[in-house]
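Worksheet: one structure, shown below.
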Amino acid sequence: QDYMPSPLHDTGTMTMFLLSMFMVTFSLRNGFKYFSNFNKNLFSLKKRENAFEDHNTVNEIITLITLVANTCIMQGIMLNSAITLYHPDITTNASIFTYIISIISIVVAYYLLQLLAYYVLGYVFTSRTNTSLLLKGFNASQALLGLFMIPLVIFLLVYPLHANTFISIYIFIYFICRLIFIIKGFRIFFNNFTSIFYFILYLCSGEIIPLIAIYYGIILTYSLL
């Protein structure tokens, strides 16, 4: 393949990318409290002694929303390159920006569904405090994924011919971030060895099957555009 289309030449995509960079930079400056608790959100199961300490400030919420939005945008750009590379026959009818927006919409929907599923899971099977720890771990892992993807997407935009390498690195980073969250979730829900059986069921129904559905959903969306 002599030429690999790059979102670098698409005005809409680059505007969205630069806006995301600006918002992340702004959050790094103003959301210091969220970043100071980043490690705790990812790994800690420690309950707050003071219930008032568990409340998020407005800056923390804005920072989280910004980081999750960045993750969705970065994944939209990366997954568009993956579809372009591996399924070039279904990426010729619409603009790059249209395809990327469609992927971002799917990624956002998937994120919100996961957020709801983990809330329900925590509400049914554990305490309110543990549910909060679970959701904080999930959000932090999503935010971490987006931060790791920023330099990766920059290289992808500049060197689109090496997309296969960058996509492989993205897949590795994605599964590392998911593994961090899955381990925290297992620590929250583990009570005895029978929990392992339910954990395996969760991996199949909550992690593997949705990814397959998302993959085919993106391909179907592309074929309809």
Side-chain angles (χ1 to χ4, degrees), residues 41-43 64 67-91 99-126 130-146 148-149 152-153 163-164 166-225:
N41 291 335
L42 283 172
F43 302 106
L64 175 60
L67 294 177
V68 171
N70 171 71
T71 300
C72 294
I73 292 171
M74 295 301 116
Q75 289 192 97
I77 296 173
M78 183 65 68
L79 291 173
N80 172 76
S81 294
I83 298 298
T84 302
L85 180 63
Y86 302 124
H87 301 278
D89 54 309
I90 60 171
T91 59
Y99 288 122
I100 291 177
I101 285 295
S102 69
I103 292 184
I104 292 174
S105 300
I106 292 173
V107 171
V108 170
Y110 181 47
Y111 164 77
L112 293 176
L113 286 174
Q114 288 180 100
L115 203 61
L116 176 61
Y118 295 136
Y119 175 80
V120 172
L121 188 67
Y123 180 81
V124 174
F125 293 105
T126 188
N130 281 340
T131 301
S132 176
L133 292 172
L134 182 69
L135 294 179
K136 286 181 178 179
F138 171 65
N139 283 323
S141 67
Q142 290 292 296
L144 182 66
L145 173 62
F148 276 132
M149 286 187 68
L152 197 60
V153 169
N164 186 59
F166 302 132
I167 292 167
S168 298
I169 297 174
Y170 158 65
I171 292 172
F172 175 76
I173 294 174
Y174 177 87
F175 280 107
I176 289 298
C177 290
R178 294 302 295 190
L179 183 62
I180 292 173
F181 167 66
I182 289 170
I183 290 175
K184 181 172 184 177
F186 181 74
R187 291 167 61 203
I188 289 174
F189 289 104
F190 181 79
N191 294 316
N192 48 55
F193 285 105
T194 59
S195 301
I196 297 177
F197 172 73
Y198 294 107
F199 180 68
I200 294 174
L201 290 179
Y202 158 74
L203 288 179
C204 294
S205 61
E207 297 292 337
I208 299 175
I209 294 177
L211 288 180
I212 296 174
I214 290 295
Y215 173 76
Y216 284 106
I218 291 175
I219 292 179
L220 177 61
T221 302
Y222 269 47
S223 65
L224 296 174
L225 291 176

Legend entry - CD1 on Ile100 to CD1 on Ile83, rounded to 0.5 Å: 12.0 Å
Legend entry - Nearest heavy-atom neighbours spanning Tyr170 and Leu79: CE2-CD2, 3.9 Å
Legend entry - Side-chain heavy atoms of Phe189 within contact of Leu134, under 4.5 Å: yes
Inset, instruction - State, yes or no, whether a side-chain contact exists between Leu144 and Ile180 at a heavy-atom distance under 4.5 Å. - result: yes
Legend entry - Backbone N/O of Gln142 and side chain of Thr71: donor-acceptor pair under 3.5 Å: yes
Inset, instruction - State the CD1-CD1 distance between Ile188 and Ile183, to the nearest 0.5 angstrom. - result: 12.5 Å
Legend entry - Aromatic centroids of Tyr111 and Phe138 separated by under 6.0 Å: yes
Legend entry - Reported OG1-to-CZ distance for the pair Thr131 and Phe125, which is rounded to 0.5 angstrom: 11.5 Å
Inset, instruction - Supply the atom-to-atom distance Ile171 CD1 to Ile176 CD1, rounded to the nearest 0.5 angstrom. - result: 13.0 Å
Inset, instruction - Tell me, with the steps shown, if Ile167 and Tyr86 meet side-chain contact (heavy atoms from CB on, under 4.5 Å). - result: CA-CA 11 Å; Ile167 292 167; Tyr86 302 124; 4.1 Å; yes
Legend entry - Working for side-chain contact (heavy atoms from CB on, under 4.5 Å), residues Asn139 and Asn41: CA-CA 8 Å; Asn139 283 323; Asn41 291 335; over 6 Å; no
Legend entry - Interatomic distance, Ile219 atom CD1 to His87 atom NE2 [nearest 0.5 angstrom]: 3.5 Å
Inset, instruction - Assess the side chains of Tyr174 and Gln75: does a donor N or O sit below 3.5 Å from an acceptor N or O? - result: no
Inset, instruction - Could you tell me which non-hydrogen atom of Ala143 sits nearest to which non-hydrogen atom of Leu67, and how far apart they are? - result: CB-CB, 3.7 Å
Legend entry - Closest contact, heavy atoms only, Thr221 versus Ser102: CG2-CB, 3.9 Å
Legend entry - Any Leu115 side-chain heavy atom under 4.5 Å of Tyr110 side chain: no
Inset, instruction - Examine Tyr118 together with Phe181 and report whether their ring centres are nearer than 6.0 Å. - result: yes
Legend entry - Check: Thr126 main-chain N/O paired with Asn130 side-chain donor or acceptor under 3.5 Å: no
Legend entry - Nearest-0.5 Å distance, CG of residue Leu220 to CG of residue Leu224: 4.5 Å
Inset, instruction - Answer yes or no: is there a donor N or O on one side and an acceptor on the other, between the side chain of Lys184 and the main chain of Leu133, under 3.5 Å? - result: yes
Inset, instruction - Report the C-alpha distance between Ile173 and Cys177 in whole Å, list the side-chain angles of each, state the deciding distance to 0.1 Å, and finish with yes or no for side-chain contact (heavy atoms from CB on, under 4.5 Å). - result: CA-CA 6 Å; Ile173 294 174; Cys177 290; 4.2 Å; yes
Legend entry - Audit row: Tyr222, Asn80, side-chain contact (heavy atoms from CB on, under 4.5 Å) steps and yes/no: CA-CA 10 Å; Tyr222 269 47; Asn80 172 76; 2.9 Å; yes
Legend entry - Min side-chain heavy-atom separation Ile73-Val107 under 4.5 Å: no
